[in-house]
Peer 1: 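Starting off with a structure, shown below.
Just so you know, ligand 1 is whichever comes first in the structure, and atom 1 is the first atom listed for that ligand. This structure is a prediction, so every number in the text was calculated from the model and none was measured.
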Amino acid sequence: MDCIFCKIANKEINAEIISEDDKFVVFKDINPKAPVHLLIIPKAHIGPINTLDDKDRETITGIIFKAKEMAEKVGVSESGYRLIFNIGKDAGMEVNHLHLHLLASKQLEF
Ligand code: AMP
């Protein structure tokens, strides 16, 4: 499958990975929209939120907890951060592999 985030998870292309475990990889967004802009992805290919089914419940729970862990790791847990799932073209979704954006370290405008 020609999926850029699968390639990052498989180390076929480089990314600035800041954390990894058996299920998730966390790396810096190549085009950051805030001083802290991380992407959290499952290693296994899963499509965006509108394609999920029951078997993906554990992954969705895990990705949220991974975001909480990452916010603590990069020191924005108290100052605040925003978590975003883009879904579909009207949200500007570019990559068809489930990913959660974590944005922080400036006053975020909506
Ligand atoms: P989305 O619009 O929700 O699909 O977000 C995809 C994000 O992936 C964008 O913010 C891109 O800047 C980011 N992105 C695309 N390719 C790479 C890459 N090779 N390394 C890091 N981030 C990337």
Peer 1: Distance under 4.0 Å to a non-hydrogen atom of F5: what atoms of ligand 1 satisfy this?
Peer 2: 8 (O)
Peer 1: How many angstroms lie between CG in L38 and NZ in K66, if you round to the nearest 0.5 Å?
Peer 2: 12.0 Å
Peer 1: Using the rule side-chain hydrogen bond (donor to acceptor under 3.5 Å, both in side chains), only one of R82, K28, H101 pairs with H37; which is it?
Peer 2: H101
Peer 1: How far is atom 22 (N) of ligand 1 from the closest protein heavy atom, and which atom is that?
Peer 2: I30 N, 3.1 Å
Peer 1: Give me the nearest non-hydrogen protein atom to atom 12 (O) of ligand 1 as residue plus atom name, then the distance to 0.1 Å.
Peer 2: D29 OD1, 2.5 Å
Peer 1: To the nearest 0.5 Å, tell me how far F5 CZ sits from I13 CD1.
Peer 2: 8.5 Å
Peer 1: Could you find the nearest protein heavy atom to atom 16 (N) of ligand 1 and give me its residue, atom name and distance?
Peer 2: I4 CD1, 3.9 Å
Peer 1: Heavy-atom distance under 4.5 Å between the side chains of P42 and I63, does that happen here?
Peer 2: yes
Peer 1: Using atom types as modelled and distance alone, determine if a side-chain donor or acceptor of D29 lies under 3.5 Å from a backbone N or O of N31.
Peer 2: yes
Peer 1: Please compare E94, H99, K28, K89 and report which has the shortest non-hydrogen distance to atom 3 (O) of ligand 1.
Peer 2: H99
Peer 1: Considering only NZ, NE, NH1 and NH2 on the basic side and carboxylate oxygens on the acidic side, decide whether D2 and K7 come within less than 4.0 Å.
Peer 2: yes
Peer 1: Can you list the steps and then say if N96 with C3 is a side chain to side chain contact (heavy atoms under 4.5 Å, CB included)?
Peer 2: CA-CA 8 Å; N96 194 36; C3 168; over 6 Å; no
Peer 1: Number the atoms of ligand 1 from 1 as they appear, then name those within less than 4.0 Å of a heavy atom of F27, with their elements.
Peer 2: 21 (C), 22 (N)
Peer 1: G92: heavy atom below 4.0 Å from ligand 1, yes or no?
Peer 2: yes
Peer 1: At a 4.0 Å threshold, what atoms of ligand 1 neighbour a non-hydrogen atom of N31?
Peer 2: 12 (O)
Peer 1: Show which atoms of ligand 1 fall inside a sub-4.0 Å distance from at least one heavy-atom site of N86.
Peer 2: 1 (P), 2 (O), 3 (O)
Peer 1: Would you say H37 has any N or O atom under 3.5 Å from an N or O of ligand 1, going by distance alone?
Peer 2: no
